[in-house]
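Report on the following structure.
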Amino acid sequence: GQQLNQSPQSMFIQEGEDVSMNCTSSSIFNTWLWYKQDPGEGPVLLIALYKAGELTSNGRLTAQFGITRKDSFLNISASIPSDVGIYFCAGPINYQLIWGAGTKLIIKP
Amino acid sequence: ETGVTQTPRHLVMGMTNKKSLKCEQHLGHNAMYWYKQSAKKPLELMFVYNFKEQTENNSVPSRFSPECPNSSHLFLHLHTLQPEDSALYLCASSLSRGGPPLEQYFGPGTRLTVT
């Protein structure tokens, strides 16, 4: 079935670094959703993308469609310790959301 | 209570037990979902309810039985589970306007261990 591929699978970063991750699909999406999951919690919606070509921001987070609309990017600027967690992309297909396997963000001590 | 709540947060059960997971949403949403989350895998959608009617059952084994008595409450009844059913079970809700689900709001999940 349809899959969303996220990369990288995990990232080790220093506090203060900028972070970039992406999500790719074999088909075009008109909507992309980015969620974050903290340990012991359910995913929380960070950014919803509804319009190709626009950059959507939520504080230090920005996300956008890729040129082909078969992908999406999430960027985090000046990372802080509370940014650690797993970031998921999701997109709607046939009245359901399908999900990527996540990118795990880890802050190097 | 606000948002989406789930009880219990942790559950250990034997393969012959019967237990139930409970989810409640306080957001005024009309659609509710059960997902299974296993480590390093995408979330797996199990069941969808719109306006209390089940609209999706993604080939889930019959040992999982959902129940949605009203738009705010969702249950997942479990019986004769297998060890591979151990996972985090997430409930979510959304406001359905007839199109595909977009912004879903999740509960904290029930960590299930089958021994």
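Proteins come first, then strands; the chains are lettered A, B, ... in the order of their sequence lines, and each starts at number 1.
Most heavy-atom pairs under 4.5 Å with chain A, from the set B:Lys40, B:Gln104, B:Arg111: that is B:Gln104. Here A:Gly100 is the residue among A:Ala90, A:Gly91, A:Ser10, A:Gly100 with the most heavy-atom pairs under 4.5 Å with chain B. The choice from A:Gln9, A:Gln37, A:Lys104 that makes the most heavy-atom pairs within less than 4.5 Å of chain B is A:Gln37. Counting heavy-atom pairs under 4.5 Å between each of A:Gly40, A:Ala48, A:Gly102 and chain B puts A:Gly40 at the top.
Within a 6.0 Å sphere centred on OH of A:Tyr50, other residues, nucleotides and ligands contribute more than 12 heavy atoms. The 12-atom threshold is not exceeded at NZ of A:Lys51, counting heavy atoms of other residues, nucleotides or ligands nearer than 6.0 Å.
Under the 4.5 Å side-chain heavy-atom criterion for grouping Ile, Leu, Val, Met, Phe, Trp and Tyr, A:Phe73 is not connected to A:Leu33 through any hydrophobic cluster. Hydrophobic clustering (ILVMFWY, side-chain heavy atoms < 4.5 Å, transitive): B:Trp34 and B:Met32 are in one cluster. Put simply, B:Met46 and A:Ile98 are part of two different groups of oily side chains (I, L, V, M, F, W, Y) that touch within less than 4.5 Å, one to the next. Cluster membership for B:Met15 and B:Leu11, using ILVMFWY side-chain heavy atoms within less than 4.5 angstrom, is shared.
Annotation: side chain of B:Glu103 is not in contact with side chain of A:Leu97 (no heavy-atom distance under 4.5 Å). Here the side chains of A:Phe88 and B:Leu43 are in contact, with some heavy-atom distance below 4.5 Å.
You'll find the ring centres of A:Trp99 and B:Tyr33 outside the 6.0 Å limit.
Closest non-hydrogen pair, A:Gly42 versus B:Leu90, comes out as CA-CD2, 3.8 Å.
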